[in-house]
Amino acid sequence: MNFYWIKTNSIVKKIFSNQVWDIPNTGNKIYLTFDDGPTPKITEWVLSVLKAHHIKATFFCIGDNIRKHPEIFRKVLAEGHSIGNHTYNHLQGWMTSDKNYLDNTLSCDEILQQETTDIPQPRLFRPPYGKIRLSQSSKLRKSGYKIIMWDVLSADFDTTISKEKCLKNVVQNTTQGSIIVFHDSQKAFKNLEYALPRAIEILKEKGFRFEKIG
């Protein structure tokens with residue numbers, strides 16, 4: 001497993017300040033986000049949990065998954081959540097040429113535009129793995145995208161950690177303005193299924209309010 005931060009280092013946030021790592025506010029708001037969907041059953045399960053708690057979130061979707069599962073994507077929209085671009089094929093920016101990366105992102109953008117004509121969405125982009133070249137980031141921002149990173153990583157994707165550790169990652173590191181990452185993917189589901197509803201309950205008890213990014 002590659003090294004990763006659960007709580008993004010403040011120095012990293014300062015160096016890459018043109019990317020969004022958290023959203024300062026005075027209302028005790030925090031921001032749940034989900035990467036890699038839409039995924040059959042799993043995304044729908046996430047939606048049911050959010051609906052039960054009257055929470056809106058932000059889903060960073062893979063274009064090819066939207067193509068495969070348009071009905072699930074439309075359900076995300078219909079239930080009032082925000083959506084963002086996560087490339088068409090989940091590309092790792094550091095290992096991809098700028099042209100291929102931007103073309104792949106555009107392919108995702110095209111399918112997003114087709115599916116959201118009746119529900120305008122903010123232009124949000126999250127790089128898969130959090131890895132994006134400065135040149136790629138610059139070109140995407142110039143085209144109107146906000147690059148949304150994160151403050152707290154649940155690490156639900158890490159099959160070597162326990163579901164209890166996944167929960168702890170979130171509840172012990174979330175502060176006002178935190179952008180939190182989960183994944184609505186098959187790989188993450190064991191940890192997600194345990195941690196998400198419990199994290200929501202605990203964070204609500206701490207007085208946090210959940211908002212979508214927009």
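Note that the numbering runs from 1 along the sequence shown for the chain.
Closest approach of I62 to C108, counting heavy atoms only: C-SG, 4.5 Å. Residues S185 and T39 approach most closely at CA-OG1, 4.0 Å, considering heavy atoms. Nearest approach of P127 to I147, heavy atoms of both residues: CD-CG2, 4.0 Å. Contact detail for N65 and D36: the closest heavy-atom pair is ND2-O, 2.8 Å.
For the pairing with F157, the ring pair (Phe, Tyr, Trp, His ring centres under 6.0 Å) check across Y129, F182, Y4, F34 returns one residue only, Y4.
D35 is linked by a salt bridge (charged side-chain N to carboxylate O under 4.0 Å, His left out) to R126, counting only residues two or more places apart in sequence or in another chain.
Using a 4.5 Å heavy-atom threshold, the side chains of V170 and L203 count as touching. Within the 4.5 Å cutoff, the side chain of F210 has no heavy atoms near those of the L50 side chain. Counting heavy atoms from C-beta on, the side chains of L192 and V46 come closer than 4.5 Å. Put simply, the side chain of D98 reaches to within 4.5 Å of the side chain of R133, judged on heavy atoms. The closest side-chain heavy-atom distance from L196 to L32 is below 4.5 Å.
Side-chain atoms of K146 never come within 3.5 Å of backbone atoms of P122 as a donor-acceptor pair (strictly under, hydrogens ignored). Panel note: side chain N89, backbone N104; no donor-acceptor pair is recorded below 3.5 Å. The backbone N or O of T33 sits nowhere less than 3.5 Å from a side-chain atom of T58 that would complete a donor-acceptor pair. Under the 3.5 Å distance criterion, the side-chain polar atoms of N169 are matched with a main-chain donor or acceptor of S154. W21 contributes a side-chain N or O that, together with a main-chain N or O of F16, makes up a donor-acceptor pair within less than 3.5 Å. A donor-acceptor distance shorter than 3.5 angstrom exists from the side chain of Q176 to the backbone of N25, with no hydrogens or angles considered. In this structure a side-chain-to-backbone donor-acceptor pair under 3.5 Å is missing from S82 to G214. Judged by distance alone, with hydrogens and angles left aside, the side-chain atoms of Q136 form a donor-acceptor pair with the main-chain N or O of T96 at under 3.5 Å. In this structure, the side chain of T174 does not engage the main chain of V171 through any donor-acceptor pair within 3.5 Å. Without hydrogens or angle criteria, K7 side chain to N173 main chain gives a donor-acceptor distance under 3.5 Å.
In I11, the CD1 atom is not crowded: 12 or fewer heavy atoms of neighbouring residues, nucleotides or ligands sit closer than 6.0 Å. Within a 6.0 Å radius of NZ in K51, no more than 12 heavy atoms belonging to other residues, nucleotides or ligands are found. With a 6.0 Å radius and a threshold of 12 heavy atoms from other residues, nucleotides or ligands, K190 has its NZ atom above the threshold.
No continuous path of hydrophobic side-chain contacts links F125 to L106 [ILVMFWY only; heavy atoms under 4.5 Å]. The cluster map of Ile, Leu, Val, Met, Phe, Trp and Tyr, joined by side-chain heavy atoms under 4.5 Å apart, puts M149 and Y101 in the same cluster. I132 and F3 end up in the same hydrophobic cluster when Ile, Leu, Val, Met, Phe, Trp and Tyr side chains are linked at under 4.5 Å. If you chain together hydrophobic residues whose side chains sit under 4.5 Å apart, Y88 and F60 never meet in one group. Under a hydrophobic-cluster definition in which Ile, Leu, Val, Met, Phe, Trp and Tyr are linked whenever side-chain heavy atoms come within less than 4.5 Å, directly or via other members, I200 and I42 are assigned to the same cluster.
Atom CG of L124 and atom SG of C61 lie 11.0 Å apart (nearest 0.5 Å). To the nearest 0.5 angstrom, I66 atom CD1 is 10.0 Å from Q114 atom CD. Separating the NE2 atom in H81 from the CD1 atom in I55 is a distance of 9.5 Å, to the nearest 0.5 Å.
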**Item:** Full working for side chain to side chain contact (heavy atoms under 4.5 Å, CB included) between L153 and W5
**Value:** CA-CA 7 Å; L153 191 64; W5 276 301; over 6 Å; no
**Request:** Apply side chain to side chain contact (heavy atoms under 4.5 Å, CB included) to K41 and Q186, showing your working.
**Result:** CA-CA 9 Å; K41 297 183 180 179; Q186 188 66 52; over 6 Å; no
**Message:** Is there a salt bridge (charged side-chain N to carboxylate O under 4.0 Å, His left out) between D158 and K165? Walk through the geometry before answering.
**Reply:** CA-CA 10 Å; D158 188 343; K165 178 65 166 64; over 6 Å; no
**Request:** Give the intermediate values and the outcome of side chain to side chain contact (heavy atoms under 4.5 Å, CB included) for residues Y31 and D151.
**Result:** CA-CA 10 Å; Y31 304 84; D151 178 50; over 6 Å; no
**Prompt:** Going through the checks in order, is the side chain to side chain contact (heavy atoms under 4.5 Å, CB included) test met by K142 and S138?
**Reply:** CA-CA 6 Å; K142 285 178 181 176; S138 176; 3.6 Å; yes
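Listed by first then second residue, pairs satisfying salt bridge (charged side-chain N to carboxylate O under 4.0 Å, His left out) with a partner in residues 64-82 read D64-R67, D64-K68, R74-E115, not counting sequence neighbours.
No side-chain donor from either of D109 and N85 sits under 3.5 Å from a side-chain acceptor of the other.
Remark: aromatic rings of W45 and F189 are close, center separation under 6.0 Å.
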